[in-house]
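A, B, ... follow the sequence lines: proteins, then strands. Residue 1 opens every chain.
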Amino acid sequence: MTKKIIIVFCICALAFMFLVSCKPKVKPTPPPPPPVKEQPKVEKVEEAPAVTKPTLSEEEIFMSKSLEEINLQSPLKMINFDYDHYEIRDDAKPTLQSDATWLKRFPSVKVLIEGHCDERGTEEYNLALGEKRAKSTMDYLASLGISSDRIKIISYGKSQPLDNGKTEAAWQRNRRAQFLIIEK
Amino acid sequence: MKKISLAAALLLFSCTFLFPQQEVYLTLKEGVPAIALALPNFFVHGPSPRAKEAAEIILQVISDDLIYSRIFQLLPKKYYEYIRPLDPKNISYKEWESIQASILLAGEISEGEGENIVFEGKVYDVKGQRFIFGKRYQATKSVYRLAAHRMADEMVKVLSGEKPIFSTKIVFVSDRDGNDELYMMDYDGQNQTRLTFNKTRDYMPAWSADGKKIAFTSYKKLGEAGLYLLDLEAGKITPVATRGTNFSPSFSPDAKKLAFCSTTDGNAEIYVANADGKNIKRLTFNEATDTSPSWSPTSREIAFVSDRSGTPQIYLMDAEGSNVRRVSFGGTYHDAPAWSPTGDRIVYVSRVENIFDLYILNLRTNQITKLTESNARNESPSWSSDGRHIVFTSNLGGSIQLYTIDYDASKLRRLTSQGTNKLPDWSH
């Protein structure tokens, strides 16, 4: 009997030893959580506004501005052209698309499109070329749904350069169609 | 006297008849002797500093004018030292002949009323030993130059029969006061005067045949590049065409019509109105760009530019718009034709790789002569009314300025320096 007890004890001891060796050696006990302090909630005290300011829509903000202010912000972006050319370039199309979106949002707006050229064309022929640049810009906007009744075009030829430099970069800046808002 | 006027008439004859055959061009170039002119110091009456100063100015201006005309050749000043000084009361033809003068201009200056001086110029035929004609002018200091130009005009008119140019004016665009406005000046660049005060942009002026009006483009109204007429005497500006971009005005030499370019119908086309700007009619009907009209001296034809072939080229048409024919070839960019008052030549601009040069096309021989030779942009040519000189815009000195040059590429001279100056038109 005692022999049986010893065997059982031994098995138990072995089993215990096995279990102990598998488990992490020391499991630290987590520190007790700090005692929660009770804090009063801060309430902001505000005077109720006497008059509630109406929120302006973007259209209303737009209408409140003068033409000068609007044009200073140039909401319509200009586009550039290749030398001697007046066709709308692929890189100008996204610009005109966002210009068209803007024009659709403010349907009362009328614009003047000015066609400009660089100095490497003659005075006379450049006036015709500038006009064609303004016209192809107008036509492209029309294809995007902007009525040409809202657009006037004009050419300045090479008389109004943005950049007086003698580099291709300067000439490129000057070959442009730009917008002026003339009515809102 | 009769003999002289006959000789003068003969001279006149030969000039007007030779011109259309282009012979004058050749003879001038090969140096047929110009008229040998003695232009000694003027005789000043009394010890008047005012008269003395006037004498110097007027003599200098007449001298510059007559040299510029190329009709006269002035005797070297040192020749006058070999003979007795000018005595207007007693012209010694023999002495003037001894220093090889054919014509003598004897000038006298005296004090006149108030601030005036009186200038008298008498012209003698030295070889024929005769008085030809005389003129007397009264002038204050501000118009000494004008008096001199008038005398020089008379000499050219009487002695060569040609149309004199010394009282002509050049209208142009300058930004010297901040923005592009119209100005005018004497043919020699003196007396530069501002004409418009629109504070925006005035552009492309052209003289009427009588020199009393100027047609020009103005951006003075927002969104418009309108064509206007400026009446110089009345100081009045009236609109001709304001829809679209309106530019390149050109008055017919017979004073009846005004041609111009407009985009009013959507495309750049040439239109013609009466000289007062009324009764506008369209002349060209082409999908291409048609611009830069310039009248023939007969007012029966118009030279213009069209890119109907793909590139801008020069064409001629009848004044009614019919009978269109191309006259420029060999080149990809030709513009700004100006028909010479002699009828046989057209000066124009040709662009080759960012360089603009002026060329003259001889309509009789189809021969082309290059007029300017500079690594620059030379453009907007306009003829003097005698067909010997051309005013144009150039950036050859760096900034954009006005220059004149003779039809045979000689005598390049600069007229302006203040601000940038462009788009000249020489009065008729």
Inset, instruction - Examine distances only and state if a side-chain atom of B:Arg201 and a backbone atom of A:Ser159 form a donor-acceptor pair shorter than 3.5 Å. - result: yes
Inset, instruction - Give a yes or no on whether A:Lys104 atom NZ has more than 12 heavy-atom contacts from other residues, nucleotides or ligands under 6.0 Å away. - result: yes
Legend entry - B:Lys199, NZ: over 12 other non-hydrogen atoms inside 6.0 angstrom: no
Inset, instruction - Check whether A:Tyr83 gets within reach of chain B through its side chain, its backbone, both or neither, counting any heavy atom under 4.5 Å. - result: side chain
Legend entry - Rounded distance (nearest 0.5 Å) linking atom CG of A:Leu112 with atom CD of B:Glu224: 10.0 Å
Inset, instruction - Find the distance between CD (B:Glu379) and CD (A:Glu123) and round it off to the nearest 0.5 Å. - result: 5.0 Å
Legend entry - Residues, nucleotides or ligands: over 12 heavy atoms within 6.0 Å of A:Lys184 NZ: yes
Inset, instruction - Against chain B, label A:Glu131 side chain, backbone, both or neither, depending on which of its atoms sit under 4.5 Å from a heavy atom there. - result: side chain
Legend entry - Selection from A:Gly130, A:Gly157, A:Ser155, A:Ala128 maximising heavy-atom pairs under 4.5 Å formed with chain B: A:Ser155
Inset, instruction - Tell me the residues of residues 416-428 of chain B whose non-hydrogen atoms fall below 4.5 Å from those of chain A, in number order. - result: B:Lys422, B:Leu423
Inset, instruction - Using the ring pair (Phe, Tyr, Trp, His ring centres under 6.0 Å) rule, collect all pairs that involve residues 127-149 of chain A, keeping only residues at least two apart or in two chains. - result: none
Inset, instruction - Quick one: pull up NZ in A:Lys135 and OG1 in B:Thr263 and give me the separation to the nearest 0.5 Å. - result: 10.0 Å
Inset, instruction - Please indicate whether A:Lys110 has more than 12 foreign heavy atoms, meaning atoms of other residues, nucleotides or ligands, lying under 6.0 Å from its NZ. - result: no
Legend entry - Side chains of B:Thr217 and A:Leu127 in contact at under 4.5 Å (non-hydrogen atoms): no
Legend entry - Under 4.5 Å from a heavy atom of chain B, the part of A:Glu114 involved: neither
Inset, instruction - Taking the side chain as every heavy atom from C-beta outward, state whether A:Asp84 and B:Arg351 have any atom pair closer than 4.5 Å. - result: yes
Inset, instruction - Report, as yes or no, whether the 6.0 Å neighbourhood of atom CZ on B:Arg243 holds more than 12 heavy atoms from other residues, nucleotides or ligands. - result: no
Legend entry - Enclosure of B:Glu287 CD (heavy-atom neighbours >12, cutoff 6.0 Å): no
Inset, instruction - May I ask you to decide if the ring planes of A:Tyr125 and B:Tyr333 are parallel, tilted or perpendicular, using 30° and 60° as cut-offs? - result: perpendicular
Inset, instruction - Report yes if some heavy atom in the side chain of A:Ile154 is under 4.5 Å from a heavy atom in the side chain of B:Tyr219; otherwise report no. - result: yes
Legend entry - Shortest non-hydrogen contact from B:Phe356 toward A:Lys158: CE1-NZ, 4.0 Å
Legend entry - Working for side chain to side chain donor-acceptor pair (under 3.5 Å), residues A:Glu124 and B:Thr291: CA-CA 7 Å; A:Glu124 294 80 2; B:Thr291 58; over 6 Å; no
Legend entry - Crowding at CG, A:Asp82 (>12 non-hydrogen neighbours, <6.0 Å): yes
Inset, instruction - Could you grab the distance from atom CG of B:Leu222 to atom CG of A:Leu180, nearest 0.5 Å is fine? - result: 6.0 Å
Legend entry - Reported CG-to-CZ distance for the pair A:Asn126 and B:Phe247, which is rounded to 0.5 angstrom: 10.0 Å
Inset, instruction - Evaluate the side-chain proximity of B:Asn354 to A:Trp171: yes if any heavy-atom separation is below 4.5 Å, no if none is. - result: yes
